[in-house]
Structure formats: C-alpha cells, structure tokens
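Hydrogens, waters and symmetry mates play no part in the numbers below; they use all other heavy atoms, side chains included.
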Amino acid sequence: MNKLLLLDGNSLTYRAFFALPPMTDASGRNTNAVYGFTMMLLKLMEDERPTHFAVAFDASKKTFRHDTYADYKGGREKTPGELREQFPIVREICEAFGIQVLELDNYEADDIIGTLSKRDEFDNVTIVTGDKDLLQLIDDRVTVYLTKRGITDVETMDETAFKERYDGLNPRQMIDLKGLMGDKSDNIPGIPGVGEKTALKLLNAYGSVEGLYAHTAELKGKQKEKVEANEHEAKLSKQLATIHTDVPIEVDVDQLAFHPYDVSKVKPLFMSLQFKSLIGKLQTDEDAVEPAPRQEVTHIELDAQDLSRAVLFLEQLREDYFEEPMIGVAIASSAGVTVGDASLLKTDIVKEWLADEARRTICLDAKQTIIQLKRNGLTLVGYEDLLVAGYLLNLSGGTTLDSIAAHFEHTLPEDDAVYGKGAKRHIPERDVLEQHLAEKAMAILSLFDHVAAALVENEQTSLYEDLERPLVSVLAEMEWAGIHIDVATLQAMEQDLGGRIEQLESEIHHLAGEAFNINSPKQLGVILFEKLALPPVKKTKTGYSTAADVLEKLAPLHPIIEHIMHYRELGKLQSTYVEGLQKVVKEDGKIHTRYTQTLTQTGRLSSVNPNLQNIPIRLEEGRRIRKAFTASEPGWVLYAVDYSQIELRIMSHMSQDEKMLDAFLHDEDIHTSTAANVFKVAKEDVTSLMRRQAKAVNFGIIYGISDYGLSQNLGISRKEAQTFIDTYFEQFPGVKRFMDEAIERAREHGYVETMLKRRRNIPDIHSRNFNLRGFAERTAINTPIQGTAADIIKKAMIDVDQALRTSTLQSKLLLQVHDELIFEGPKEETEALEKLVKQAMEHTIQLDVPLRADGSFGETWFDTK
DNA sequence: GCACGCACGC
DNA sequence: GACGTACGTGCGTGCG
C-alpha cells in the first residue's frame, strides 16, 4: 500500500501566518507561520502514516499562466515581509523531517501536486491545502483535506463529500465552476454577475463552459447578454483554473519515500525556534513513528508446536469481545510461534489441546479467550491468565500487557502504533499483523513465567490459583448467560419520562424567563447565579458549581431549583438507564455485561457495557428500572441475595474490638449499637437522627473518608465531625488500634494486604505532602477491609458455582454487585437454591463473627426486595 | 478525542 | 496550615 501525502506548502504557510498571533524566537525572527505549519506536519504524520511524503511550493512569481494572462494574481496584496521570511524556515523544517520539498520554475505548487497525484505508483493520495482549486484533482484514489478555521482542523473532501457540497457536480467540473464565477483572489475574471449559485445551476444544465456556449440561445434576458459578452473571459478563466497534471517534475517515487524521522535533526531546530511545547510532541511522535526493534521470532507450523505449555492469543481491534471479531490467532511455545486466523482453531490439534485440562493454555486474558472461543463453538478447559496474575502484583501503571512487559524490561510494539487509534483503528497488512501477533504471543509466554515467580515471592500463589484464576471461568459463564430485559417496560418508561422531562423543561425555561440548555452546567450557572442572582455556594475549576448538594441549599430560595433537581433525576434515568440499557440489549433479549477483574485498586470487580453495578435503587423512581430485569424463561424467577454489613463484620474480626464483636455476635443492628455507644445512651433511646449519624460514621470507616468527608456527608462542621470520630475511637479502642497498626504496616512494608493476601502498594505513606499522606493513611485502613470483602464474595462465587455444578439444579449465577449476587432459576428450585446459596455465602470463610446473607425471590429484580 | 461536571451504585 | 477528599462507569457539554 503506497500512500502519498502531498502538502501545498504556500497555502498552508500562508494560512498559518494569518491564523496565529505574531511569535518570534530569541533572535527576533518571526515564527508564527512556521509554528502553525509544523503543528500541522506533526499531526499529519501521526494521523496519516504516509509511506510517501512531499511538500510543494510555488517557485517564482512568474508562471506559464502569466504568459496567457498578464494580470494573473494581479492586485494581490503583497506578501508581508514577516511571512516571506518564514518560507525558508518552513523548508528547513521539512528537510529536517526528511520530507521531500518540490518546486519547479514556471509552475505553481498546484501543478506539481496535480502531476504527482496522477502517478499510478500510489494506491492512495491525500492532498492538504487551503485552496479549493485543488478539489478538481479528487477521484477515487485522491482525497483533499481542506483546512478549516484553525490550523490543524481539516475537512475531508472525497468524491462523495464534493458532490454533497457542490450540488452534484463532479470534481473535474471545478474548473468550469471557476470559469463561470471566476476567482477574486487570483484575479480570474469569470462572468460578471455569475456567482456560485448561478454557476452551479448553469453547469447542472449544460455540463461545462463549452456546453453552455453551445446553448446560449436557451438563455434569457440579462443573463443571456452577460454570458454572451464574456465568452472569452469564461474560457480564459477556465484555462487558468485548470491544474496541469503533466508538468516536467523529475522525481522518483523512491525520493518521496517517507521514513521515521531523526529526532536528533529536528530537535536542535525546534530548540533554536523555541518550539518548546512541540518538542514534547516530538518525543511521543517519535515513539509512535519509529518502529521498535523487531524481536526475533521463529515461525513454525502448528504440528511442530509444543502444546504442553503454550500460549493461545486471540487478537481483537477493540476490547468488546461480545462484538469484535478475531482478527488473528497466535500460538506460541518454546518451539516457536504459529500465526494465522480463526481457521487454526478448527484443527484437531488445537481442539484436543483446548479440551485437555492438564495442559493449561496460557492466555493474556482468559475470559476474553473463553468468550471468543464460545462464539466459535469451542470450549477452553484449563487456562492461565497473565493479566489476572499480573494484577495481583499491583504493579504501577495499571494492568496491561504493555505495563507488565515494561515492568520486566521487555519491550514490545504498542497496539496503537500498529493498529492506529480512535476512528483510524484498522487491520494492518498481513505481514505487519502476523509479526505483531507473534511478538505479543512470545511476550505473553515469557512474561507469564516472570509473573508466576513474583507471585511465589509474594506468597500469592493460592490467591491466584484458588481464587482469581477459577473466578475467571465463573465470570465468563455469568457474562455468557446474560440477564433478560423486558424491553417493553423500558419503552413504556421512555414514553412516560420523555413527556415529564419536556414539561419540566418548559417550566424551568418559563421560570428562568428564557430558553437555555439545562444540561449545561455553564449555562445553568449563568441563569442561577447571574440572571436570578442566587448566591453561589461552591465553585468548580471552571465556574459555578451546580451539583446536587448546592441545589439543595438553594431550593428554599427559588422555585426553579426543585424543578431542576427533578429534571436532573429524570434526565439521568432516561439517558443512562432507560435509553442506555435498550441500546445494549442483544438479539437474545439479554444484556451481557463484561466484568473487569484486573482494574480496581481494592480487588473489587467493575462492570462495563453496560455497568450493571450501578442500577438505581435508592430513589423509588429510579428503582423502577429494575422492573425491566427479569428471568430468561417462563416459570423462572430471580433471586437476589446480599451480605449484611460485610465490611463492618470484617472490621470487627480484624480489629477484635470487643464492643463491635459483641454487637455482631448478638446479631444487633450495628448502626443502632454504634449510636448507643457514641452518644452514650441505651439502645432503646437511640433516635433516628443518632442512628443516621452513627451510620455515616460507620460508612466513613468503611470507605476511609476524612473528617472533612464526614462533615460534608452529615452537613456539620469539620470540628464537629472530628469530635464524632474522637468519641467513636474512645468507645471502640480496638478499632483505633487496628487503624494505627494498619498505617504502621503500610509504613514498614510499603503495602497493605487483605486476609487472602491481596496486596496494595501505598508509596505515598511517606509523603511530606499532607494531603497525599492523609489519603495514603486512609487507604491503608480501608483497603484491607474493602479488599477482604472482595476476597470473600469472590470465594463465595466460586463455592456457589461449584455447589451448583455438583447439584442437579438448573439455577444460574447471573450478576455480582460487590456484596450481592443475583441468580435465576425455576420456581420449583427456590427452596433448594436459597439453601445452597446461603450455605456457600455464609460459610465460605470462617470469621470470629458470623457472616449473614439475606435474599429474596421475585419475578423482576425490582421485586427481589 | 479529551477534560470536565454531574450522577448512579457499593 | 496544608484545600481536597473511598471505589467505579457513563452521560452530556464544550473545547481544540
């Protein structure tokens, strides 16, 4: 694939000069046009990745067009000196990047571009210019990027876009258009009184300038007179506008070849021009443009593989494995790599391998692999998972193949560099793809050993082998099963909400005295705090805060506020849930979320596309969303069961605080009990306010919030919040001791651990920055609690899965929401299911207080309350 | 495409 | 005194 990028040097430099404010370097040279041009250059190199690259300039003032028409480009403002002096620097920049600079005596840049664009060595040509004349060069291979207002913003003009813009005209008719309407800037006359509208109409009727003059008899009145009187001008204008595609430019295709640029040549030039911000871009561009040194890979045939210990890697362009196709398959072992497509999977060798539990297949992401294989009718039995194993090491910089590789000093090319990113993501050429897949598969093989060794070092092998690894297939089954959605319920809600939102909107606009976008905090801020002059309670980085807690304070001051709050509530439901969920219902009538097992800092799962871990429950209106979640078969029901106070039970176990242990051992209401202690009253005398405040304190402990956070939650002063905390610690000295010890452990080891040895590094514990250190200390306390809760429910999931497998029940685990599991099953199984699930959840681990799991059945998720 | 403000859950 | 405050995902806006 040869891809030629052609820049109109004059046009782009000119445009940059007028678009940017004046800039100079240390020696006083003007640099704004150079700067703008360079920004454009960097962006194009990054986005377009051409194989060939040239910039064309106008050579001299005189061209062959002046021979035809002496006044060509006459009356033009003289190029200002501040701009003229920048052209040589622009050339210098191009040369430093290794881009071919072209110019030709007697011809304009347009003609050079035109000639090169028609060379048949290129599969694809992109021209970048601000000059619409060049649009005439568009064809099925040639695309023009027209610069828009800014510097780096362009409009893509291909055949379709051109037709759209010019009322069905062909790009070649651009010259006829110019012939009729002329061009002020080039002093091309055209026909007086004919503008774009008239010219388009005439061309649609007669096809060309010549066509028009063959039919002037059909014209009438003034128009006829003007057209007839200006035949010479029209034909001359067309001639002038015609770009020559056969000029004698002597340049080899090889001379246009574009290679990764040499930073050592560009950087000094940038330094002297004082392009500091662009130097930063240079380095990242360099990474992307410069191909990483290729790793030696030995390609072998499948039947030469050693599958006793081998990697299976299935590549996708994007992460959604329910939607994305496999774009390639790589199998790697110590014997070498085999690369191919999905057909590799259908071979007997592979089928046998995947079905053999003793030969654990090493995956980068086993859940992705399992689902992709399932989509292809295949089953993976025994697996390892590099990302899951790497996650447990809590390496800095997230859990990706890249970050794990970087940690073990293994370099490999980045996906974004090979596939492109965003809208430009694409399958590369076959040999590029195969090399990339081979390198990744080899990296997975070698990194897995390193990570496994590190797990042994950390005493985390059991955490991996007995918890996280088996959880992968449990999650895969849950995702694959999906949860059924009654779309009609959502449609009905959409209708209802739509009407109410509209009403609220007009009421709000009425009260504001004008229409505005309520969803724009910026516009809302202007209405509330300027027009209505309400007192701004809080500010954000960018302006007034209009967050819910602010609105609550403003509610008594103006009737518009409660409507806005209501509007927000309904708008959120509508866009995120009612509309959002319908968008992700698959053909089977179900939603298949994807859980991420390797993301959170605490060991919890997260859920995406959609997130089923934040379906509304607190407000009744939102809770109704849950009516749309139903069992997938007639005669089946949902069963939702959640751990009661699991974090506080863990807290009591870990801290061994007597009062807390006692409360749980006597199965007391923990918030009432906490309130009785903190407020020093009998349990019977605890008021609802006391209980609410005690609950907030308990909540604060679980989530590791600060006195400030607590004060915000309770709407009290920071001092009062601190008093609450002090009294709490007085009453629960074991908790205080536990917290101090957690911080001490973090200081000593640099990390904290959960009961099952999940680890979180806390480097900021030694920070001299008060905020960072405070945050680190709360993390040291909170992570062992929240993380242990995550350990426990994960273990319960594995136990429940195992128990269901060995039972005769048909019921299935569908969802996990941090401390809650949701199942579906036949009504006849409810009793057995409840017994099995409660047993597994409550006894998956032995604490010094009992674990309690409470559940209920319902036709919909809403009804399981 | 990205940062931000906002809002939902645990 | 420190000025920012658990863990996530997703929506809409507004900017380059």
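A/T546 comes within contact range of the sugar-phosphate backbone alone, with a heavy-atom separation under 4.0 Å but no base atom that close. In this structure, A/S607 reaches the sugar-phosphate backbone alone: every heavy-atom distance under 4.0 Å involves primed, P, OP1 or OP2 atoms, never a base. Using a 4.0 Å heavy-atom criterion, one finds that A/L599 contacts the sugar-phosphate atoms exclusively. Within the 4.0 angstrom heavy-atom criterion, no nucleotide atom of any strand lies near A/G709. Residue contacts shown for A/S545 are limited to sugar-phosphate atoms, with no base heavy atom under 4.0 Å away. Within 4.0 Å (heavy atoms only), A/S706 reaches at least one base atom of the nucleic acid. Residue contacts for A/N769: at a heavy-atom cut-off of 4.0 Å it reaches no nucleic acid atom on any strand shown.
Here the side chains of A/L532 and A/I527 are in contact, with some heavy-atom distance below 4.5 Å.
Rounding to whole angstrom units, CG of residue A/L612 and C1' of C/dG10 are separated by 13 Å. The nearest whole Å value for the distance from the CD1 atom in A/I625 to the P atom in C/dC11 is 13 Å. In this structure, the CD1 atom of A/I564 is 19 Å from the P atom of C/dG12, given to the nearest Å. The separation between A/L605 atom CG and C/dT9 atom C1' is 14 Å, rounded to whole Å. Rounded to whole Å, atom C1' of C/dG12 lies 14 Å from atom NZ of A/K522. Atom NE2 in A/H818 sits roughly 15 Å away from atom P in C/dA6 (whole-Å rounding). Rounded to whole Å, the distance from CZ on A/R604 to P on C/dC7 is 11 Å. At whole-Å resolution of the value, CD1 in A/I781 and P in C/dA6 are 14 Å apart.
Side chain A/N771 to base C/dG4: a donor-acceptor pair is found below 3.5 Å.
Phosphate proximity of C/dA2 to A/R718: absent, as no side-chain N or O sits under 4.0 Å from OP1 or OP2. Contact between the side-chain N/O atoms of A/T576 and the OP1/OP2 oxygens of C/dG10 is not found at any separation under 4.0 Å.
The side chain of A/F770 lies closest to C/dA2, out of C/dG8, C/dA2, C/dG10. Comparing C/dC7, C/dT13, C/dT9 by their closest approach to the side chain of A/S520 singles out C/dT13.
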How would DNA chain C look in dot-bracket form, 5' to 3', counting Watson-Crick and G-U wobble pairs with both distances under 3.5 Å and writing | for bases paired to another strand? ......|||||||||.
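A distance of about 15 Å separates the P atoms of B/dG5 and C/dA6, rounded to the whole Å. As rounded to the nearest Å, B/dC6 and C/dG4 have P atoms that lie 16 Å from one another.
Between A/Y419 and A/H426, the distance from one ring center to the other does not fall under 6.0 angstrom.
Both cation-pi conditions hold for A/R594 and A/Y321: the charged atom is under 6.0 angstrom from the six-membered ring centre and inside a 45 degree cone around its axis.
Mapped onto DNA chain C by nearest heavy atom, A/S575 and A/Q523 fall at different nucleotides, with A/S575 at the one closer to the 5' end. When the nearest nucleotides of DNA chain C are assigned to A/Q601 and A/E579 by heavy-atom distance, the more 5′-ward of the two goes with A/Q601.
Just one of A/F629, A/F823, A/Y639 meets the ring pair (Phe, Tyr, Trp, His ring centres under 6.0 Å) condition when paired with A/W861; it is A/F629.
Between the side chain of A/Y643 and the main chain of A/M841, a donor-acceptor pair closer than 3.5 Å is present. One N or O on the side chain of A/N782 and one on the backbone of A/I702 form a donor-acceptor pair closer than 3.5 Å. The backbone N or O of A/I845 lies less than 3.5 Å from no partner atom in the side chain of A/K795, so there is not a single donor-acceptor pair.
Scanning for side chain to side chain contact (heavy atoms under 4.5 Å, CB included) contacts around A/D416 gives A/K421, A/R425, with sequence neighbours left out. Legend: residues meeting ring-ring contact (aromatic ring centres under 6.0 Å, His included) with A/Y728, ordered by chain and number and at least two apart, are A/F732. Looking at residues two or more places apart in sequence or on another chain, you find a side chain to side chain contact (heavy atoms under 4.5 Å, CB included) between A/V584 and A/I591, A/N609, A/P610. Taking A/E507 as the reference, A/L511, A/H563 meet the side chain to side chain contact (heavy atoms under 4.5 Å, CB included) condition, with sequence neighbours excluded.
On the nucleic acid side, DNA chain B contacts chain A at distances under 4.0 Å to non-hydrogen atoms, with the end points of that region at B/dG1 to B/dC10.
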